[in-house]
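The structure presented is a predicted model; accordingly, all values stated were derived computationally and were not measured.
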Amino acid sequence: MADTLTIPPVLTGEYAFFFDLDGTLAEIKPHPDEVVLPADILRMLNQLSELNQGALALISGRSMAELDELARPYHFPLAGVHGAERRDIHDQSHIVSLPEPLVKSLHAKLTSALSHFPGTELEAKGMAFALHYRGAPEHEQAITQLAASVVEANAQLAIQPGKCVVEIKPRGINKGEALKAFMAEMPFKGRTPVFVGDDLTDESGFSVVNQENGISVKVGQGETCAKWRLANVASVWQWIAEIANQQQEEKIAHHNRRKHYGSLSRSL
């Protein structure tokens with residue numbers, strides 16, 4: 001869709017919320033270790049989760065261990081490594097793995113190959129590998145070709161382009177499938193899905209949400225299948241705050257109405 005997409009509405013009702021992290025809830029940094037989620041944003045996310053019976057999950061290319069660390073002290077349902085690992089509301093983990101010999105072989109091959117491209121970095125995630133070139137954008141084509149050659153030689157693998165990164169992951173794993181898995185479970189089941197993301201890796205999630213007549217939100221510019229757009233991370237924070245505040249006000253008003261009707265019933 002074109003860059004004329006409008007800001008999404010403030011939502012009230014039965015929704016299930018899914019958020020990407022880097023570039024969506026937190027600003028992208030030169031190195032992943034530099035990323036932080038501000039304490040007030042974490043409190044808003046937790047408030048939104050509580051207002052929606054826990055139907056809020058983070059879906060990211062990061063590992064679940066990294067997501068937990070960034071979300072501390074809160075404990076949300078998670079999908080890490082684009083859904084290759086997932087934790088549901090009951091703390092049950094669902095992990096997709098690759099054969100250990102293949103993982104060791106890939107690690108050695110990619111480490112050796114990237115040594116010829118200064119400024120690039122290999123991030124090993126256990127069942128996936130991220131080839132970062134943010135510090136050396138001149139190597140984009142070479143890194144993309146390297147990842148493509150690895151995937152072509154291994155039918156179990158797929159390539160996932162991103163912002164200054166190319167990932168090698170198990171075939172059939174993507175954020176859209178992770179979102180589907182959450183939506184088949186309580187407390188997400190039966191709610192309208194909302195997914196907010198900024199990258200190519202989020203397009204599969206947008207597609208699933210669109211099929212469910214949900215709210216798909218692209219952060220930043222660029223072509224997308226999302227139906228709505230927010231300009232940047234700060235806009236995402238503001239939108240979350242508006243939703244949480246509106247839902248909190250509705251909850252208080254509902255409580256007051258019930259209290260009033262209860263008092264009226266007793267007086268009659």
Side-chain angles (χ1 to χ4, degrees), residues 8 11-22 24-25 37 41-98 125-128 158 160 169-197 199 201-217 225-228 236 239-240 243-244 247-248 250-251:
L11 304 175
T12 60
E14 298 289 313
Y15 287 92
F17 292 90
F18 302 95
F19 294 97
D20 172 47
L21 196 138
D22 296 271
T24 299
L25 291 177
L37 278 172
I41 304 307
L42 285 171
R43 284 192 295 270
M44 281 196 303
L45 284 173
N46 189 61
Q47 180 186 14
L48 191 61
S49 175
E50 291 179 344
L51 287 167
N52 291 276
Q53 290 72 55
L56 183 148
L58 304 181
I59 301 183
S60 172
R62 288 178 178 265
S63 69
M64 292 199 301
E66 290 178 295
L67 292 174
D68 266 335
E69 187 62 32
L70 285 164
R72 193 180 300 276
Y74 304 106
H75 191 76
F76 302 113
L78 305 172
V81 196
H82 308 288
E85 51 181 22
R86 192 173 68 87
R87 183 178 72 210
D88 61 28
I89 194 71
H90 303 295
D91 266 353
Q92 294 298 309
S93 294
H94 311 266
I95 310 295
V96 175
S97 61
L98 292 172
K125 302 181 180 183
M127 76 294 287
Q160 176 64 70
K169 62 180 183 178
R171 186 170 297 279
I173 297 299
N174 59 64
K175 293 183 180 181
E177 291 301 315
L179 198 151
K180 282 183 185 178
F182 279 123
M183 290 301 296
E185 305 167 346
M186 297 299 291
F188 304 92
K189 189 174 183 178
R191 291 171 168 265
T192 301
V194 179
F195 180 48
V196 189
D199 204 348
T201 63
D202 301 310
E203 292 297 320
S204 61
F206 296 151
S207 179
V208 168
V209 168
N210 291 345
Q211 291 169 19
E212 297 296 323
N213 295 315
I215 306 293
S216 53
V217 185
C225 69
K227 300 292 183 66
W228 307 88
V236 176
W239 188 58
I240 293 172
I243 295 171
Q247 290 192 350
Q248 184 65 41
E250 287 191 351
K251 181 179 179 180

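With sequence neighbours left out, the ring-ring contact (aromatic ring centres under 6.0 Å, His included) criterion links F19 to no other residue. Here D88 pairs with R86, H90, Q92, H94, E185 under the side chain to side chain contact (heavy atoms under 4.5 Å, CB included) rule; sequence neighbours left out. By the side-chain hydrogen bond (donor to acceptor under 3.5 Å, both in side chains) test, Q47 is found to be paired with no residue, residues two or more places apart in sequence or in another chain being considered. Checked against side chain to side chain contact (heavy atoms under 4.5 Å, CB included), E177 has the following partners two or more places apart in sequence or in another chain: N174, K180. Every residue two or more places apart in sequence or in another chain that forms a side chain to side chain contact (heavy atoms under 4.5 Å, CB included) with D199 is listed here: K163, T201, D202. In this structure, the side-chain hydrogen bond (donor to acceptor under 3.5 Å, both in side chains) partners of S63, at least two apart in sequence or on a different chain, are E66. Under the ring-ring contact (aromatic ring centres under 6.0 Å, His included) criterion, F17 pairs with no residue at all, not counting sequence neighbours. Considering only residues two or more places apart in sequence or on other chains, D91 meets the side chain to side chain contact (heavy atoms under 4.5 Å, CB included) condition with H75, R87. Shown here are the side-chain hydrogen bond (donor to acceptor under 3.5 Å, both in side chains) partners of Q53, two or more places apart in sequence or in another chain: R191.
In this structure, S204 contributes its side chain and G176 its backbone to a donor-acceptor pair below 3.5 Å. In terms of modelled atom types and a separation under 3.5 Å, the side chain of N210 and the main chain of C225 share a donor-acceptor contact.
With 3.5 Å as the limit, one finds a donor-acceptor pair spanning the side chains of N52 and Q247.
Counting only residues at least two apart or in different chains, ring pair (Phe, Tyr, Trp, His ring centres under 6.0 Å) contacts with residues 175-195 comprise F18-F182, F18-F188, F182-F188, F195-F206. Pairs of residues two or more places apart, or lying in two chains, that qualify as salt bridge (charged side-chain N to carboxylate O under 4.0 Å, His left out) and include a residue from residues 71-82 are E69-R72.
Looking at V217 and V209, their side chains never come closer than 4.5 Å, going by heavy atoms from C-beta outward.
The two residues P8 and I215 come nearest to each other via the heavy atoms CB-CG2, 4.4 Å.
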